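Accompanying notes for the structure given below.
Only a predicted model underlies this, so the values are computations on that prediction, with no experimental measurement involved.
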Amino acid sequence: MIRVFIGYDPVETVAYNVLQHSIQQRCSQPVSFTPIRLSHLGHLFTRERNPLQSTEFSFSRFLTPYLSDYQGWSLFTDCDMLAQDDLARLWKLREDRYAVMVVKHNHQPKESVKFLNQPQTAYAKKNWSSVMLFNNARCTALTPAYVNTATGLELHQFKWLGDEALIGALPARWNHLVGYDPPQSDAALIHYTLGGPYFHEYAQCEYADLWFRERDSMVVALQRHQQARSA
């Protein structure tokens, strides 16, 4: 079973659902989905929202190993993504010598704001945490108490590992940054990091046509299901 945890923010509900649909349509192995949604976490996540947060799951994403009982492997992704390849291919890249595996971007944004006028913050390892393969048993430092109190940089720069050698590298195609990375035909996980086409302001962004095609496919599938039930 491929365990997928997706960051959930109410303003990006449609993005969450389209991403989930895009994964299901292409995955060749059983896959489970868990939204990391604040309303589901209750007392597990108590820290106040930081003014620099652009989404509700900026910090709660690091509860993925805890929510997995620190067992096996789990994948976390932001919700503003679109799968274009079989997630089983990413799953096969797991290496037990690492605690976490990420795309090691050298992402240095120049703008100060991104979608919906949310702040854009530059720091080392920017966007590494937007796709993370967790080797959960080696991530026991990520307790609810730690996630609630650690600084943003301690979390997003993986200081909780204590050793950078425990961070494995994934191919860049598994976290393709729209608007930053040059367009590539084999992008496997497209990341609309500046703003997705589900926002009016970004409806013409790169790869927007792929997102709308996926959304329409999801809607058609739902309509067919409803018609079959009512027949």
Atom pair [atom1] ([X]) and [atom2] ([Y]), whose distance is rounded to the nearest 0.5 Å:
{"X": "Phe45", "Y": "Leu38", "atom1": "CZ", "atom2": "CG", "answer": "6.0 Å"}
{"X": "Leu67", "Y": "Phe76", "atom1": "CG", "atom2": "CZ", "answer": "11.0 Å"}
{"X": "Tyr202", "Y": "Tyr192", "atom1": "OH", "atom2": "OH", "answer": "14.5 Å"}
{"X": "Thr140", "Y": "Trp160", "atom1": "OG1", "atom2": "CH2", "answer": "9.5 Å"}
{"X": "Leu82", "Y": "Arg215", "atom1": "CG", "atom2": "CZ", "answer": "12.0 Å"}

Considering residues at least two apart in sequence or located in another chain, which fulfil the side-chain contact (heavy atoms from CB on, under 4.5 Å) criterion with [X]?
{"X": "Ser32", "result": "Met1, Arg3"}
{"X": "Ser28", "result": "Asp86, Ala88"}
{"X": "Thr151", "result": "Leu153, Glu154"}
{"X": "Tyr66", "result": "Leu44, Tyr70, Pro144"}

- Is Val131 isolated, or which residues cluster with it under the ILVMFWY side-chain rule of less than 4.5 Å, directly or via members?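 Joined to Val131, directly or through intermediates: Ile2, Val4, Ile6, Tyr8, Tyr16, Leu19, Ile23, Val31, Phe33, Trp73, Leu75, Met81, Leu87, Leu90, Trp91, Leu93, Tyr98, Met101, Val103, Leu133, Leu170, Trp174, Leu189.
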Under the rule for side-chain hydrogen bond (donor to acceptor under 3.5 Å, both in side chains), what residues qualify as partners of [X], not counting sequence neighbours?
{"X": "Asn136", "result": "Ser74"}
{"X": "Arg138", "result": "none"}
{"X": "Ser185", "result": "none"}
{"X": "Ser217", "result": "none"}

- Message: Under 4.5 Å between side-chain heavy atoms, counting indirect links through other Ile/Leu/Val/Met/Phe/Trp/Tyr residues: same cluster for Tyr198 and Phe212 or not?
- Response: yes
- Hey, does the Lys NZ or Arg CZ of Arg61 hover above the aromatic six-ring of Phe5, less than 6.0 Å from the centre and inside 45° of the axis? no
- Message: Could you work out, with ring pair (Phe, Tyr, Trp, His ring centres under 6.0 Å) as the rule, every residue matching His176, not counting sequence neighbours?
- Response: Tyr207
- Note on the structure: Residues passing the salt bridge (charged side-chain N to carboxylate O under 4.0 Å, His left out) test with Asp85, sequence neighbours excluded, are Arg89, Arg173
- Message: Looking only at the side chains, is there a donor atom on one of Gln71 and Asp69 sitting less than 3.5 Å from an acceptor on the other?
- Response: no
- Polar contact flag, side-chain donor to acceptor under 3.5 angstrom, Ser130-Asn175: yes
- Query: Does the distance from a Lys or Arg side-chain N to an Asp or Glu carboxylate O, for Glu164 and Lys125, drop under 4.0 Å?
  - Reply: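 Looking at Glu164 and Lys125, the cut-off is met.
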- Should the ring pair His156 and Phe62 be called parallel, tilted or perpendicular, given that the plane angle runs from 0 to 90° and is split at 30 and 60?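 Taking Phe62 first and then His156, their aromatic rings stand perpendicular (interplane angle over 60°).
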- Does anything in residues 22-32 pair up under salt bridge (charged side-chain N to carboxylate O under 4.0 Å, His left out), and if so which pairs, sequence neighbours excluded?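 Non-adjacent pairs meeting salt bridge (charged side-chain N to carboxylate O under 4.0 Å, His left out): Arg26-Glu214.
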